[in-house]
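Quick note: numbers below take in every heavy atom, side chains included, and nothing from hydrogens, waters or symmetry partners. Chain identifiers are assigned alphabetically (A, B, ...) following the order of the sequence lines, protein sequences preceding nucleic acid strands; residue numbering begins at 1 within each chain.
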2 protein chains.
Amino acid sequence: MRADHLSSTLSALADPTRRAILARLALGETSVAELARPFDMSGPAISKHLKVLEAAGLISRSRDAQRRPCRLNAAPLGEVAAWLERYRVFWDASFDRLDDYLRQVQGNGGPHGERQ
Amino acid sequence: MRADHLSSTLSALADPTRRAILARLALGETSVAELARPFDMSGPAISKHLKVLEAAGLISRSRDAQRRPCRLNAAPLGEVAAWLERYRVFWDASFDRLDDYLRQVQGNGGPHGERQ
DNA sequence: CAGTTATATAACCTTTTAGTTAAATATTTG
DNA sequence: CAAATATTTAACTAAAAGGTTATATAACTG
């Protein structure tokens, strides 16, 4: 398991089952059984996914009779978004054009740089 | 390796070495050797990290004599940001307060629900 | 063309991940 | 308290991840 928080958050998110669980939880708190329903997967497998999400701080669990309802804790997603912000300029279309411009000017692509 | 694009992007990002490589590339295109310099890690290890980043579409490589300079390709980061947007409301402070309010009103935390 | 530099691949090892089934635990209900 | 329900833990397996060293490839340089 990785030490830093951002890594464990990203690692937890890098699984479609876990992202689907978060999407369900965005609709509201619910039980493990209901979270498991959409998946062709054993209960213990879901339980492990929930453990990963909990370890990453993305969900928290309470108690309701036999049920252990889960709820979304989105704070770590905010940290991911904050990390991503530093790169926003790189994927904005305006920057793509800026980047092309800089490469032309600086000639980093060589004198015959692909003009597109 | 996971099938969907978002998963492989998040998986590629879930490693501090690879994120550091991206941070370096945000300063501009550079060689594998220079990317490797800050890390106490063999060349092949870095080469593998670059392969993971390339497979996720986060970098692309060109040729400059013996060098294979890498450059940042931030488009997949944009996809991550787009995915995250759906959750922004959940980590904004205003929502946290709204959520507390809803729990009090609906009594989901039980009649003696933790008031704090 | 021999040597050097830069990088990639092969083969291997260890740890982690993601799943399984069977058994244990916690809680409610009759 | 026995049975039922909801979930977790244990033990196991297979595959993937992340690292290593040794070797191969590609391109330049004398």
Distance check: side-chain N/O of [X] vs OP1/OP2 of [N], anything under 4.0 Å?
{"X": "B:Ser42", "N": "D:dG19", "result": "no"}
{"X": "B:Arg61", "N": "C:dA8", "result": "yes"}
{"X": "B:Lys51", "N": "C:dT9", "result": "yes"}
{"X": "B:His49", "N": "D:dA17", "result": "no"}
{"X": "B:Arg63", "N": "C:dA6", "result": "no"}

Whole angstrom is fine here: how far is it from [atom1] in [X] over to [atom2] in [N]?
{"X": "B:Met41", "N": "D:dT21", "atom1": "CE", "atom2": "C1'", "result": "16 Å"}
{"X": "B:Leu35", "N": "C:dA8", "atom1": "CG", "atom2": "C1'", "result": "15 Å"}
{"X": "B:Leu53", "N": "D:dG18", "atom1": "CG", "atom2": "C1'", "result": "13 Å"}
{"X": "B:Leu50", "N": "D:dG18", "atom1": "CG", "atom2": "P", "result": "13 Å"}
{"X": "B:Lys48", "N": "C:dT7", "atom1": "NZ", "atom2": "C1'", "result": "15 Å"}
{"X": "A:Asp15", "N": "C:dT17", "atom1": "CG", "atom2": "P", "result": "12 Å"}
{"X": "A:Leu10", "N": "C:dT17", "atom1": "CG", "atom2": "C1'", "result": "17 Å"}
{"X": "B:Phe39", "N": "D:dT20", "atom1": "CZ", "atom2": "C1'", "result": "18 Å"}

So, [X] side chain and [Y] main chain: donor-acceptor pair closer than 3.5 Å or not?
{"X": "B:Arg19", "Y": "B:Leu13", "answer": "yes"}
{"X": "B:Arg68", "Y": "B:Ser62", "answer": "yes"}
{"X": "B:Ser47", "Y": "B:Gly43", "answer": "no"}

If you check every side-chain atom of [X], which of [options] has the closest atom?
{"X": "B:Arg68", "options": "C:dT7, C:dA26, D:dG18", "value": "C:dT7"}
{"X": "B:Ala65", "options": "D:dC28, D:dA26, C:dT20", "value": "D:dC28"}
{"X": "B:Val32", "options": "C:dT20, C:dA11, C:dA8", "value": "C:dA8"}
{"X": "B:Arg67", "options": "C:dA26, C:dT7, D:dT20", "value": "C:dT7"}

Looking across every strand, which nucleic acid part, if any, lies under 4.0 Å from [X] by heavy atom: base, sugar-phosphate, or nothing?
{"X": "B:Ser31", "result": "sugar-phosphate"}
{"X": "B:Ala45", "result": "base"}
{"X": "A:Ala33", "result": "sugar-phosphate"}

Quiz item: Looking at CG of B:Leu35 and CD1 of B:Ile46, how far apart are the two atoms once the value is rounded to the nearest 0.5 Å?
Solution: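 These two atoms lie 7.5 Å from each other.
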Quiz item: Strictly by modelled atom types, are B:Arg67 and B:Thr30 linked by a side-chain donor-acceptor pair under 3.5 Å?
Solution: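 No, no side-chain donor-acceptor pair sits under 3.5 Å.
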Quiz item: Of A:Gln66 and A:Pro44, whose nearest nucleotide on DNA chain D comes first from the 5' end?
Solution: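 So the residue in question is A:Gln66.
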Quiz item: Are B:Tyr87 and A:Val52 linked, directly or through other ILVMFWY residues, by side chains that come within less than 4.5 angstrom of each other?
Solution: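 As far as the 4.5 Å side-chain criterion goes, A:Val52 and B:Tyr87 are not connected within one cluster.
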Exercise. Nearest-nucleotide wise, let me know which of B:Glu34 and A:Thr17 is further upstream toward the 5' end of DNA chain C.
Key: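 Upstream on the strand: B:Glu34.
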